[in-house]
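Reviewing the structure listed below.
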Amino acid sequence: MRIAVFIACLLAACCCRAQASPLPERPAEVRIVQQQGRYQLLVDGQPFHVNGAGLGGGSQEALVAAGGNSFRTWQSGDVDKTLAMLDRARDNGLRVALGIEVARERHGFDYDDGQAVAQQLQRVRAEVARYKDHPAVLMWVVGNELNLEYSNPAVWNAVGQMADAIHQIDPRHPVMTTLAGFDAGLIALLKARAPSLDLIGIQLYGDIDQLPRKLVDSDWTGPYIVTEWGPTGHWESPLTSWGAPIEATSTEKAQALQQRYQDYVASDQRQGLGSYVFLWGNKQERTPTWYGLFLASGEATPGVDTMQYLWTGHWPANRAPALRPIQLDGRAAIDSVVLAAGKPYRAVVQARDGDGDPLAYRWYVLQESTAKSIGGDHEQVPAAVDVPLRERGEGVVELQAPASAGNYRLFVEVRDGHGHAAHANFPFQVSR
């Protein structure tokens with residue numbers, strides 16, 4: 001049964017890709033309907049399954065080429081930037097789940113402050129009125145992970161007020177909010193305080209295997225989109241003895257994407273309306289490579305190949321390299337490797353390219369991030385560390401451990417010369 005469902009999703013994805021063309025110059029009529037116990041998203045009366053990504057600076061055109069039909073955003077306050085993005089989406093035939101910034105309690109907003117809540121509602125109304133008639137708008141995303149480190153349930157009253165206001169201004173497009181995990185208590189609050197939400201956005205990473213159980217335990221029987229999913233999160237990964245999270249390689253992440261999509265995203269044909277993989281682009285979050293499907297220099301990682309296969313049923317003609325985890329001083333990252341300051345060591349990574357393309361290696365060392373931010377809040381890329389690095393053949397490098405004691409991370413990027421790359425990193429400590 002699971003195989004049949006997956007094949008059906010692939011066929012639907014292929015159809016969406018084949019029809020990718022500029023959108024009509026009119027706002028879409030988007031509805032969620034329930035037929036025979038199954039929810040379905042309709043765009044201008046036609047079924048629409050979301051094969052999407054969170055857009056984080058990545059190319060819309062690359063998303064279309066990979067078979068995507070939609071992307072989500074997080075804020076729309078910059079009018080010129082948002083309109084340019086929507087116009088480009090229209091030209092690319094992409095539908096947009098348009099994010100509206102909503103203040104978070106963890107950043108100091110007080111949802112018992114009636115004046116502040118009213119001012120925020122006024123701003124949201126203005127943003128919706130500004131963009132509601134754009135052809136690329138698919139739905140509204142009111143806030144992001146407002147349940148993360150919160151205590152005041154009044155936030156959901158505010159979300160409900162926003163949903164009501166949006167429906168009054170724009171009856172053509174559904175409204176949702178996104179949740180960082182969920183449980184019965186949270187769902188009960190949403191049902192009581194924000195009943196006019198049309199669906200919810202669910203955000204799970206390594207624990208996405210808990211999605212079927214969470215739906216049952218929380219008694220959420222309505223529609224949803226998995227609005228963020230991807231690699232195992234830094235907060236749920238193995239740690240070194242000094243607390244540094246151990247990041248999977250780009251190859252391991254691509255394998256996880258395929259398994260998680262097939263087993264927990266595409267498998268729900270009753271309530272699930274699709275998903276937005278995180279992240280179509282690149283960002284610093286504990287490391288510069290943890291969540292992005294592209295390197296900062298623009299190369300596509302194996303995860304992009306995997307998403308194309310999941311959306312279309314076809315792998316790219318030329319694929320990204322594959323690699324195994326780095327070994328440093330003959331040991332794995334889970335061994336909590338401590339190096340002596342200033343001493344020489346050898347690191348090895350085994351990489352291969354299925355297309356036979358020659359590979360170029362780039363090794364570098366960064367200080368370990370000290371960020372404690374959550375929920376995707378902004379982080380600075382850690383400072384580069386100037387250490388001697390000498391390549392000793394393909395995938396082999398000799399490095400001199402930094403002179404100062406502390407926590408560091410060794411990175412390798414492997415490029416195939418055709419716009420693709422693989423990557424891995426290794427946290428280590430230096431003692432004097």
> Counting N and O atoms only, with roles assigned by atom type, does the side chain of Y309 sit under 3.5 Å from a partner on the main chain of Q258, one being a donor and the other an acceptor?
Replying inline: no
> Which atoms form the tightest heavy-atom contact between L204 and I208, and what is the distance?
Replying inline: CB-CA, 3.8 Å
> Is there a side-chain contact between Q40 and F48, using heavy atoms and a 4.5 Å cut-off?
Replying inline: no
> Looking at V102 and G143, what are the two nearest heavy atoms and their distance?
Replying inline: CG2-N, 3.5 Å
For residues 231-244, please give each side-chain donor-acceptor pair under 3.5 Å, one per line with the distance, not counting sequence neighbours.
unit_1, atom_1, unit_2, atom_2, d
T232, OG1, R260, NH2, 2.7
H234, ND1, Y291, OH, 2.7
E236, OE2, G206, N, 2.5
E236, OE2, G233, N, 2.8
S237, OG, G233, O, 2.8
T240, OG1, W242, N, 3.4
T240, OG1, W242, NE1, 3.3
T240, OG1, G243, N, 3.4
T240, OG1, A244, N, 3.0

> Do the side chains of V141 and T178 get nearer than 4.5 Å, heavy atoms only?
Replying inline: yes
> Is the backbone N or O of D268 less than 3.5 Å from a side-chain atom of Q271, with the two atoms forming a donor-acceptor pair by type?
Replying inline: no
> Does some side-chain heavy atom of V64 sit less than 4.5 Å from a side-chain heavy atom of L94?
Replying inline: yes
> Does S369 reach the main-chain N or O of P382 with its side chain, forming a donor-acceptor pair under 3.5 Å?
Replying inline: no
>> Are the side chains of S336 and Q429 in contact, using a 4.5 Å heavy-atom criterion?
In response: no
> Which of these passes side chain to side chain contact (heavy atoms under 4.5 Å, CB included) with W229: Y261, Y264, Y205?
Replying inline: Y261
>> Determine whether a donor-acceptor pair (N or O, by modelled atom type, separation under 3.5 Å) exists between the side chain of T177 and the backbone of V142.
In response: yes
> What heavy-atom pair brings I374 and R106 nearest, and what distance separates the two atoms?
Replying inline: O-NH2, 3.4 Å
> Which pair of heavy atoms, one from P321 and one from A422, lies closest together, and at what distance?
Replying inline: O-CB, 3.5 Å
> Would a 4.5 Å heavy-atom cut-off, applied to side chains only, mark L179 and L190 as touching?
Replying inline: yes
> Of all residues at least two apart in sequence or in a different chain, which pass the side chain to side chain contact (heavy atoms under 4.5 Å, CB included) check with A322?
Replying inline: T251, R352
>> Can you tell me if K81 has over 12 outside heavy atoms packed within less than 6.0 Å of its NZ?
In response: no
> Which atom names give the shortest non-hydrogen contact between G230 and L257, and what distance separates them?
Replying inline: CA-CD2, 3.7 Å
>> Set out, in order, the CA-CA distance, both residues' side-chain angles and the distance that settles side-chain contact (heavy atoms from CB on, under 4.5 Å) for R72 and L55, then state yes or no.
In response: CA-CA 6 Å; R72 67 160 293 198; L55 193 71; over 6 Å; no
>> Test: ring-ring contact (aromatic ring centres under 6.0 Å, His included). Region: residues 54-106. Which pairs qualify, not counting sequence neighbours?
In response: W74-F278
> What pairs with A116 under side chain to side chain contact (heavy atoms under 4.5 Å, CB included), at least two apart in sequence or on another chain?
Replying inline: F109, D113
>> Looking at every non-hydrogen atom in both residues, tell me the closest pair between A248 and K253 and how far apart they are.
In response: O-CE, 3.3 Å
> Should M176 and T227 be marked as a side-chain contact (heavy atoms from CB on, under 4.5 Å) after you check the CA-CA gap, both sets of side-chain angles, and the distance that decides it?
Replying inline: CA-CA 10 Å; M176 71 166 152; T227 42; 3.5 Å; yes
>> Check this for me, if you would: do R31 and D44 make a salt bridge, where the nitrogen-to-carboxylate-oxygen distance has to be below 4.0 angstrom?
In response: no
> M85 versus T73: any side-chain heavy-atom pair under 4.5 Å?
Replying inline: yes
> Are H49 and N69 linked by a side-chain donor-acceptor pair shorter than 3.5 Å?
Replying inline: no
> In Å, rounded to the nearest 0.5 Å, how long is the span from OG1 of T287 to NE2 of H423?
Replying inline: 7.5 Å
>> Would you say that L138 contacts V50 through its side chain, given a criterion of any heavy-atom pair below 4.5 Å between the two side chains?
In response: yes
>> Just to verify, what does D335 make a salt bridge (charged side-chain N to carboxylate O under 4.0 Å, His left out) with, not counting sequence neighbours?
In response: none
> How about H173 and D198: does a side-chain donor come under 3.5 Å of a side-chain acceptor?
Replying inline: no
>> Can a side-chain donor-acceptor contact be found between Q367 and N407 if the only test is distance below 3.5 angstrom?
In response: no
> Between Y408 and F428, how do the two ring planes meet: parallel, tilted or perpendicular, split at 30° and 60°?
Replying inline: parallel
> With a 4.0 Å cut-off, would you call D133 and R172 a salt bridge?
Replying inline: yes
> Counting distance only, does the side-chain N/O of N147 pair as donor-acceptor with the main-chain N or O of A180 below 3.5 Å?
Replying inline: yes
>> Could you work out, with side-chain hydrogen bond (donor to acceptor under 3.5 Å, both in side chains) as the rule, every residue matching E379, not counting sequence neighbours?
In response: Q284, R286, S373
> Can you tell me if R130 and S76 form a side-chain donor-acceptor pair at under 3.5 Å?
Replying inline: no
> Considering residues at least two apart in sequence or located in another chain, which fulfil the salt bridge (charged side-chain N to carboxylate O under 4.0 Å, His left out) criterion with E101?
Replying inline: R104
>> With no hydrogens and no angle check, just 3.5 Å: does a side-chain donor-acceptor pair link S218 and D183?
In response: no
>> Using only atom types and a distance under 3.5 Å, with no angle test, would you say the side chain of N282 pairs donor to acceptor with the backbone of T289?
In response: no
>> So, using salt bridge (charged side-chain N to carboxylate O under 4.0 Å, His left out) as the criterion, who are the partners of E368 when residues are at least two apart?
In response: R409
>> Donor-acceptor pair, distance only, cut-off 3.5 Å: does the side chain of R415 make one with the backbone of Y361?
In response: no
> Hey, are K214 and D217 close enough for a salt bridge, meaning a charged N less than 4.0 Å from a carboxylate O?
Replying inline: no
Indicate every side-chain donor-acceptor pair of residues 154-163 with a distance under 3.5 Å to a residue at least two apart or in another chain.
unit_1, atom_1, unit_2, atom_2, d
W156, NE1, Y150, OH, 3.0
N157, OD1, R193, NH1, 2.6

> So do T301 and F294 actually touch side chain to side chain, heavy atoms under 4.5 Å?
Replying inline: no
> Do side-chain atoms of W280 reach the backbone of S59 as a donor and acceptor pair under 3.5 angstrom?
Replying inline: yes
> Under the 3.5 angstrom rule, does the side chain of Q60 hit a backbone N or O of A89 as a donor-acceptor pair?
Replying inline: yes
> So how far is it from L83 CG to R90 CZ, rounded to the nearest 0.5 Å?
Replying inline: 10.0 Å
> With a cut-off of 6.0 Å (strictly less than), are more than 12 heavy atoms of other residues, nucleotides or ligands near CG of D386?
Replying inline: no
>> Pair L189, I187 - check side-chain contact (heavy atoms from CB on, under 4.5 Å), show working.
In response: CA-CA 5 Å; L189 285 170; I187 294 301; over 6 Å; no
>> Holding to side-chain hydrogen bond (donor to acceptor under 3.5 Å, both in side chains), I want the full list of residues that pass it with Q210, two or more places apart in sequence or in another chain.
In response: R213
> Side chain of W220, backbone of G222: donor and acceptor closer than 3.5 Å?
Replying inline: yes
> Taking only residues two or more places apart in sequence, or in another chain, which ones meet S151 in a side-chain hydrogen bond (donor to acceptor under 3.5 Å, both in side chains)?
Replying inline: E105
>> Taking side-chain hydrogen bond (donor to acceptor under 3.5 Å, both in side chains) as the definition, give me every residue that meets it alongside R324, ordered by chain and number, with sequence neighbours left out.
In response: none
